[in-house]
Amino acid sequence: MVSITSEYISVGGNRHPAAADWDVQLGVLAFGADNNVALWDPRDSSQRGVYSLLVGHTDKVSVVRFYTCPSSGTKLLLTGSVDHTVRLWRADPANPRQFVHARTLEGHTGSVNTIAVADGLDIIASGAADATVKIWQISAQDESKDELLRTIPMKPRFFPLALALAPLQTESNDRPVALAVAGTTNVVQVYVAENTAVDPDFKLSAVLSGHEAWVRSLSFTSDKQSKTGDLLLASASQDKYVRLWRLQRGEVVPTTPACEDDPMLGGFEPTLSNKAHQFETAGSKYSVTFEALLFGNEDWVYTTAWNPDPERQQLLTASADNTLTIWEQDPVSGVWLSGERMGEISVQKGSTTATGSTGGFWIGLWSPDGKQVVSLGRTGSWRSWTYDAETDMWAQSLGITGHVRSANGVQWEPTGGYLLSTSADQTTRLHAQWVRDGLKSWHEFSRPQIHGYDLNCVDTLGPARFVSGADEKLLRVFNEPGPIAQLLEKLSGFKQSTEGALPDTAQIPVLGLSNQAPADDAPAGGVGAEGEEIGKAQASQALLLEATQPPLEDQLARHTLWPEHEKLYGHGYEISAVAVSHDRTLIATACKASSIDHAVVRLYDTSDWHEIRPSLAAHTLTITSLKFSSDDRYLLSVGRDRQWAVYERSEQDPSTFSPLTSNPKGHSRMILDAAWAPESGTSIFATAGRDKSVKLWRKNEGSFECKFTISLKTPVTALAFLSHVYKGSFILAAGEESGELSVYRIAVESLEATHLSSVDKLASPSKTITQLSWRPIPKEETDDFALAVASEDTSTRIYSFSDMVL
């Protein structure tokens, strides 16, 4: 049996303030990644990154919460999604850091935006875009006892975006609970239920006004300074402020005379009024009063989180101004101050220009011991800061990164030194292995391209150059900068023998799309904005050269761009496919087409980048894939018009190809991908179609004949052959629209295929596989093979295949 392990999962987090939670007991951080839930341990010394993706939701995951059942102590993970459902995942008894789907709570008719849980309560609350909050009873032992207890409609109608639950102090045997609700309105509503054990009938008890915009986050904590068990509630808003409210037992004597009749106010309630909101439940009186206003942020505040360390009363806030702030009370005056600010405190705050500014922090979380904080930014990457007690400083540590929209292409560097991935999130990323002290882990080492268009395809032009195609009708060629080459050599042992000196890292001009290498004649420092930029670029290169670990997110986004070398024009529509010949002298490309005029293959000569005319015509609709045979004698194109075409290279003029043969009915539905088998005497290729089949074709005189057909369950969207014949057979990987991934052994002579293995459904992508690429390795070296997979579920993965028994 083939042993398949998941080596690397690169995936970005969803931009939703509730879409992540860090569990106190397990130390696992779970976050929404498209329609999956990613599991990561930020304190893992091996820096493995995301170790698992939970598959189940059919739309984006918008809320993630860990919950421990009070009766049994069972650990559950609750996730809510745009698909209107809440899913419960139970910790696997054999491996508590893995979760398996237990059941689904249905009832909401809109996107689930928020879930509230509290220690010791066997109820949870969920809020959705159907303008209701639902109260559920959860039973870990008996699934049939999960029930919807209450539906609370929001009046006046608004969408709840934040919920917080907390049990109230009482002398009776009742168990009163407070539920704070906020959302697309500028008030916080507090509902109270007398006894959750019997019947949690939540009644609106207080309306807290003061915010001037939507409220995005709520969180309760018990006040550590209070002797009577007061609760503090933090509410964060798009008005850039955080308000603290005190919920206490007993009546509050107003400290200031009521000034509502003050003629200066003209009948308006003052914004900072300290009006006490009184209510009674379970035989006790309670009051809520305004405690403090925390200001200092320059943009929306998305999340609030109290430090779980019982010794410290600190509040963490994440804001769209690119900062994480830790607030604490001054022990003498009792005033709340910002004790620490992390992130980018810069001129480019909040901007989303191509210069790599992050566009804000959407989530801020504490580690279980309160010694580490993490934040999620606009680029889908997690940043991490760790507290150093000796220096009393917070130092940035390595986080994780990933695409936030469909990953459309993956391609290995020709010797397997690194992997390039490209995506509809308008970035191309370089992944490599960090090798140190007996440990190996995969990381993003560079972000060569940050673009203004969705990127569709990528191919390498040797170890230090690549070409990518986007929705902008042209292709761009990039050169690797020297600092990145040195970083890869230092940290992953990948040496490149390149002719000539490599350029410096690129900058993007503020109003441009082209990554420029710093100009040679520019002032070395200080004169005007340009000199300042170059000074910064030189400082950043020095940082990269001294680095002892892969770059952090702010370095990736700003200082690891590759300078652009060339643009290739000619196509009239969005680029759909690109392929580079194995001798790297030719680039073949195609674009989206609905007519014969545009459904052509254009060839470019890499010596001077001119287009070789005439272009190659055979198709009538979009060409979906282009592939050169391993000896570069043939070029294969397949398309949506259900046909494939093979072009032959001219022996007199190696830069020209001419049509050899085509099959207008290659498949009964559109052909989505193709691949050439490695050199074995005769030319063989495979095609994959929407008709749920893979066909194997062998050259016979002037044409190709279909020798074998593999049938699969869903349309086949990606194919890749291992680059050499292994133990007398071809190895073919096939990816499907459903995300399933299977590997076949194909006999060299008869082309008969036998199924070797499939990746477990729970470990495969959950959406269409867009491209597959086997890592190139010398033939004799190993029996372990790595396969890179790009998928529409935003993930880029590397699977390792070993013990292939043929």
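Only this structure's heavy atoms are used, side chains among them; waters, hydrogens and symmetry mates stay out.
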Nearest 0.5 angstrom please: [X] [atom1] to [Y] [atom2], how far?
| X | Y | atom1 | atom2 | result |
| --- | --- | --- | --- | --- |
| Tyr302 | Phe361 | OH | CZ | 12.5 Å |
| Ile115 | Asp21 | CD1 | CG | 10.0 Å |
| Leu54 | Asn35 | CG | CG | 11.5 Å |
| Leu233 | Leu244 | CG | CG | 8.5 Å |
| Leu179 | Leu218 | CG | CG | 9.0 Å |
| Ile9 | Leu53 | CD1 | CG | 4.5 Å |

Tell me, do [X] and [Y] make a side-chain contact under 4.5 Å, heavy atoms counted?
| X | Y | value |
| --- | --- | --- |
| Leu88 | Leu105 | yes |
| Ile363 | Trp382 | yes |
| Val759 | Val789 | no |
| Pro550 | Leu398 | yes |
| Ser52 | Leu39 | yes |
| Asp122 | Ser71 | no |
| Gln313 | Leu232 | yes |
| Val301 | Arg216 | no |

Side-chain donor-acceptor pair under 3.5 Å between [X] and [Y], yes or no?
| X | Y | result |
| --- | --- | --- |
| Gln98 | Asp92 | no |
| His431 | Ser421 | yes |
| Thr386 | Ser397 | yes |
| Thr151 | Thr132 | no |
| Trp442 | Ser10 | no |
| Ser46 | Arg48 | no |
| Ser758 | Ser742 | no |

Would Trp774 and Phe801 count as a close aromatic pair, with their ring centres under 6.0 Å?
-> yes
Would you please name every residue forming a side-chain contact (heavy atoms from CB on, under 4.5 Å) with Lys203, sequence neighbours left out?
-> Asp201
List for me each residue that meets side-chain contact (heavy atoms from CB on, under 4.5 Å) alongside Leu556, sequence neighbours excluded, and say none if there are none.
-> Thr401, Glu444, Arg447, Pro551, Glu553, Thr560
Can you tell me if [X] has over 12 outside heavy atoms packed within less than 6.0 Å of its [atom1]?
| X | atom1 | answer |
| --- | --- | --- |
| Trp300 | CH2 | no |
| Lys440 | NZ | no |
| Lys761 | NZ | yes |
| Trp214 | CH2 | no |
| Asp309 | CG | yes |

Counting only N and O atoms by type, is there a donor-acceptor contact under 3.5 Å from the side chain of [X] to the main-chain atoms of [Y]?
| X | Y | answer |
| --- | --- | --- |
| Ser423 | Asp425 | yes |
| Thr114 | Leu163 | yes |
| Asn14 | His16 | no |
| Trp434 | Gln549 | no |
| Trp40 | Val28 | no |
| Thr85 | Arg87 | no |
| Thr303 | Gly364 | yes |
| Arg312 | Gly370 | no |
| Ser367 | Lys371 | yes |
| Glu736 | Thr714 | yes |

The side-chain hydrogen bond (donor to acceptor under 3.5 Å, both in side chains) partners of Ser81 (sequence neighbours excluded) come to Asp83
Considering non-hydrogen atoms only, spot the tightest contact between [X] and [Y] and give its length.
| X | Y | answer |
| --- | --- | --- |
| Val373 | Trp394 | N-CZ3, 3.8 Å |
| Tyr191 | Gln189 | OH-OE1, 2.7 Å |
| Trp385 | Ser375 | CZ3-OG, 3.7 Å |
| Val716 | Leu672 | O-CD1, 3.4 Å |
| Ala131 | Pro160 | CA-CD, 4.1 Å |
| Tyr67 | Leu121 | OH-O, 2.6 Å |

Salt bridge between Arg690 and Glu737, side-chain N to carboxylate O under 4.0 Å?
-> yes
Is a salt bridge present between Lys134 and Asp130, judged by a nitrogen-to-oxygen distance below 4.0 Å?
-> no
Let me see the working for Leu316 and Ile326 under side-chain contact (heavy atoms from CB on, under 4.5 Å), right down to the final yes or no.
-> CA-CA 5 Å; Leu316 178 73; Ile326 297 176; 3.8 Å; yes
Stepwise side-chain contact (heavy atoms from CB on, under 4.5 Å) test for Lys75 and Phe66 = CA-CA 7 Å; Lys75 177 67 68 182; Phe66 281 101; 4.2 Å; yes
Take Val177 and Arg175 through the test side-chain contact (heavy atoms from CB on, under 4.5 Å) and record every step on the way to the result.
-> CA-CA 6 Å; Val177 169; Arg175 295 194 302 172; 5.5 Å; no
With side-chain contact (heavy atoms from CB on, under 4.5 Å) as the test, would you mind laying out the steps for Ile798 and Leu419 before giving the verdict?
-> CA-CA 10 Å; Ile798 299 172; Leu419 177 73; 4.1 Å; yes
